[in-house]
Amino acid sequence: MKSIKFITVNNPEKGSEELFNIVEKALDNKELHSIGLATGGTMIPVYKKWVESDLDFSNVTTFNLDEYVGIGVDNPNGYGYFMYEHLFNEKKFKKINLLDGLAEDSEKECDRFEKELLENPLDIQILGVGENGHIAFNEPGTPFDSVTHVATLTPSTLDVNSRFFQEGEAVPNTALTMGIKSILRAKQIVLLAYGERKRAAIEKLAADKVDPKWPITKLLEHDNVIVITDLEI
Ligand code: GLP
């Protein structure tokens, strides 16, 4: 098993700076053609920093990790909307690839997306992590060889993610998501995790043992993973 590089920072702003430097260097070296992007509160300071910078992404293709089934890009609860609000409205990219939560046939939509991914291998995949160790929407027990698929969300994820929904609006219990295998194909993975809520997942990773109950631990088999965290493990 290859070891993961941990970068410990004082706060999410410092973590965003670390990630910024990685992305800036890859752009300068012309090594960033395709990037996997994540959503969630963790990513807000990351994209804020990019928007405020002169980073030029006009030759970069993006892929987002996931989207709720039944939610379109115009819905403020969705991840597509999040991306436009925090990044895409401000920064120009070569091509933006989102999973379409409104696709008539979700399975077909997953196949289409996976094919695009295979044609544009990810140079960097940015990841957050769920409290239960999920990456994208790959919940505990998801097969490690999964590619983009329709996932059923666990009650704990529905509960945690309900904070982003208006009162009275239910969180969809299915989502389209890149699979663990799709994520692991990226040349480099940078995972960001802040706060005590993420401690159990980061401790599992630090324990250096792959465990299907903790999808994050599959990253231990990748040879180029950086974890940026404010947790002392
Ligand atoms: C969702 C997303 C994950 C993300 C996680 C953490 O469940 N599917 O990709 O990593 O939320 O979000 P936050 O950064 O808000 O803690």
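Everything numeric here is computed off the predicted structure, so don't read it as measured data. Atoms within a ligand are numbered from 1 in the order they appear, just like the ligands themselves.
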What are the atom names and distances for all N or O pairs under 3.5 Å between ligand 1 and the protein?
{"residue": "ligand 1", "atom": "7 (O)", "partner": "H134", "partner atom": "NE2", "Å": "2.8"}
{"residue": "ligand 1", "atom": "7 (O)", "partner": "N161", "partner atom": "ND2", "Å": "3.2"}
{"residue": "ligand 1", "atom": "8 (N)", "partner": "D66", "partner atom": "OD2", "Å": "2.8"}
{"residue": "ligand 1", "atom": "8 (N)", "partner": "A136", "partner atom": "O", "Å": "3.1"}
{"residue": "ligand 1", "atom": "10 (O)", "partner": "V129", "partner atom": "N", "Å": "3.2"}
{"residue": "ligand 1", "atom": "14 (O)", "partner": "G41", "partner atom": "N", "Å": "3.4"}
{"residue": "ligand 1", "atom": "14 (O)", "partner": "T42", "partner atom": "N", "Å": "3.0"}
{"residue": "ligand 1", "atom": "14 (O)", "partner": "T42", "partner atom": "OG1", "Å": "2.4"}
{"residue": "ligand 1", "atom": "15 (O)", "partner": "G41", "partner atom": "N", "Å": "2.8"}
{"residue": "ligand 1", "atom": "15 (O)", "partner": "R163", "partner atom": "NH2", "Å": "2.9"}
{"residue": "ligand 1", "atom": "16 (O)", "partner": "K198", "partner atom": "NZ", "Å": "2.7"}

For S156 and E131, run side-chain hydrogen bond (donor to acceptor under 3.5 Å, both in side chains): C-alpha distance rounded to whole Å, both residues' side-chain angles, the deciding distance at 0.1 Å, then the answer. CA-CA 9 Å; S156 83; E131 292 176 30; over 6 Å; no
Do Y68 and F164 have their ring centres less than 6.0 Å from each other? no
State whether the side chain of K204 and the backbone N or O of I216 hold a donor-acceptor pair below 3.5 Å, judged by distance alone. no
Over 60° means perpendicular and under 30° means parallel, so tell me whether F82 and Y47 are parallel, tilted or perpendicular.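 Because their plane-to-plane angle is over 60°, the rings of F82 and Y47 count as perpendicular.
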Considering residues, nucleotides and ligands other than E104, do more than 12 of their heavy atoms fall under 6.0 Å from its CD?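 No.
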Lys/Arg cation over aromatic F57: K91, 6.0 Å, 45° cone: no
